[in-house]
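Any value given below was found using the heavy atoms of this structure, including those in side chains, with hydrogens, waters and symmetry copies removed. Just so it is clear: chains get the letters A, B, ... in the order the sequence lines come, proteins before strands, and each one is counted from 1.
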2 protein chains.
Amino acid sequence: MNSLTEENYLKALFNLSQENGEVSVNELSKHLQIKMPTVTSMMKKLGEKKLVHYESYKPLKLTEKGRREAGLIIRKHRLTEMFLVEQMSFGWEQVHEIAEQIEHIHSPEFFEKMDELLGYPKFDPHGSPIPDKTGKMEWIHFSKLSDCKVGDNVKLSGVTNSSGDFLKFLNTRELKLGIKIKIKSIEKFDGSMEVSYGKRASEHLSGLVCERLLVEKE
Amino acid sequence: MNSLTEENYLKALFNLSQENGEVSVNELSKHLQIKMPTVTSMMKKLGEKKLVHYESYKPLKLTEKGRREAGLIIRKHRLTEMFLVEQMSFGWEQVHEIAEQIEHIHSPEFFEKMDELLGYPKFDPHGSPIPDKTGKMEWIHFSKLSDCKVGDNVKLSGVTNSSGDFLKFLNTRELKLGIKIKIKSIEKFDGSMEVSYGKRASEHLSGLVCERLLVEKE
DNA sequence: TATATTTGTTAGATTAATCTAACTATTTAT
DNA sequence: ATAAATAGTTAGATTAATCTAACAAATATA
């Protein structure tokens, strides 16, 4: 059994290694806001538990076992977010903080029931995939809105940032998952876009926002 | 903010002091399965935080503040049990373990929402009263079935023990809250009873079981 | 390549929560 | 009323998770 603290390290490693599979001590330290020596010693401990491949001065990598355990924590987190939105009518901007705590509950039956009540969802309210019961996660190929071209018609399918402030901003613009967006023009130097969607004929989205919106091309 | 550990001491004190308002270090130690010296030192700490009246060799008493904070934890526990039974269709024998963990979640909105979805319940699935938002709990005057007389017609309104085994036993006998029970005879020397209820014309209940069933006289 | 910067590790201290062993106070029973 | 039993406390050790200070390795830069 892993401690709550260990679970948080595993989860952070899982999330950070999404790109290249490797994470530096420094990166992990910054992400968790925990000083590097503390991270080093935890990595040694997780190394002994065969959850992380640890060697001095080498980048960190989760083992297969580590990836599985981390995936299961993230599964609990995302199922919880979905449950809060779908069954308890929370807004998608409210659920991260609560799920951050509930993901550490030890009760297979509890999450099994959530999954069942939700109809075995594949994505959470922010469009992130929910790992399966073995901790495995299908990786998805959504594009960033910022990588699209003028004239593209796309479907908003996810966000790369679940901070309350960002999601509240999207709420004010009626930007929710599933809507169709048409790109009317792109401002080269700052990456901002002029788009239309729903009842909004013309909206300006900053480069930062476009970077954070994940879309599927039709 | 109290730690999870502190919360568990507060809750235990609250539950144990239901009778006389005072608890011995020994009692608390046994209940929590934590050695007495550890309990003593935690009591000093809670004393400094003004949650407990602590004096060497004197019985322990929660302060007003301590009683409020403990009541709020128990509120979260009981709301959770109710939510698990009513909204997630768990059995009443399954919910204690899960609620034991969820009671430590810090999120007023989460429990507020539960309360609302449940229609502001006053009792949990085992018939225990749910403290209000200020941590105050109405004390209730249910009698034990074992204190009733032959011929009494009573309503089963609560249980004093929420262990899975006991509740599963009640399930097998179709004994659930709300049913009407008629006492047909009492065995003096062991306190066991012959009763009838629902479709069961004659059932034998041991003295131990009768001690644990709370009823309201008509 | 030599130096400076950044990254990572070691050593040692701190805090919370726990324990055991030894001692003291209170309560119970003869 | 004294001895025995029970309850409570003190002292000191342990473990997990954190920190700072000092040092070492790796990387970037001049």
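Distance CD (Glu22(B)) to P (dG8(D)): 12 Å, rounded to an integer number of Å. In this structure, the CD atom of Glu6(A) is 9 Å from the P atom of dA16(D), given to the nearest Å. For Lys35(A) and dT14(C), the NZ to P distance is 18 Å, given to the nearest whole Å. The distance from atom CE of Met43(A) to atom P of dT18(D) is 10 Å, rounded to the nearest whole Å. If you measure from atom NZ of Lys49(B) to atom C1' of dA16(C), you get 11 Å, rounded to the nearest angstrom. Nucleotide dA16(C) holds its C1' atom 14 Å from the CG atom of Asn8(B), rounded to whole Å. Look at NZ on Lys44(B): it is 8 Å from P on dA11(D), rounded to the nearest Å.
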Go through the steps to decide whether Lys11(A) and Glu100(A) satisfy the test salt bridge (charged side-chain N to carboxylate O under 4.0 Å, His left out), and finish with yes or no. CA-CA 11 Å; Lys11(A) 188 174 54 131; Glu100(A) 204 70 5; 2.7 Å; yes

Derivation and outcome, salt bridge (charged side-chain N to carboxylate O under 4.0 Å, His left out), residues Asp152(B) and Lys149(B): CA-CA 6 Å; Asp152(B) 280 358; Lys149(B) 309 182 305 295; 3.5 Å; yes

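Taking the six-membered ring for Trp, His96(A) and His77(A) have ring centres closer than 6.0 Å.
For the pair Leu177(A) and Pro125(A), the tightest heavy-atom approach, listed with the atom from each and the gap, is CD1-O, 3.3 Å.
When the side-chain nitrogen and oxygen atoms of Tyr9(B) are compared with OP1 and OP2 of dA16(C), none of them lie within a distance under 4.0 Å.
Put simply, the side chain of Ser29(A) never gets that close to the backbone of Val25(A): no donor and acceptor are under 3.5 Å apart.
Within the nucleic acid shown, Ser41(A) comes within 4.0 Å of at least one base atom, counting heavy atoms only. Looking at heavy-atom distances under 4.0 Å, Thr5(A) makes contact with sugar-phosphate atoms alone, never a base.
To the nearest 0.5 Å, atom CG of residue Leu62(B) and atom OH of residue Tyr9(B) are 14.0 Å apart.
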Are there any protein N/O atoms within less than 3.5 Å of an N/O atom in nucleotides 6-8 of chain C, and if so, which ones and at what distance?
unit_1: dG8(C); atom_1: OP2; unit_2: Asn26(A); atom_2: N; d: 2.6

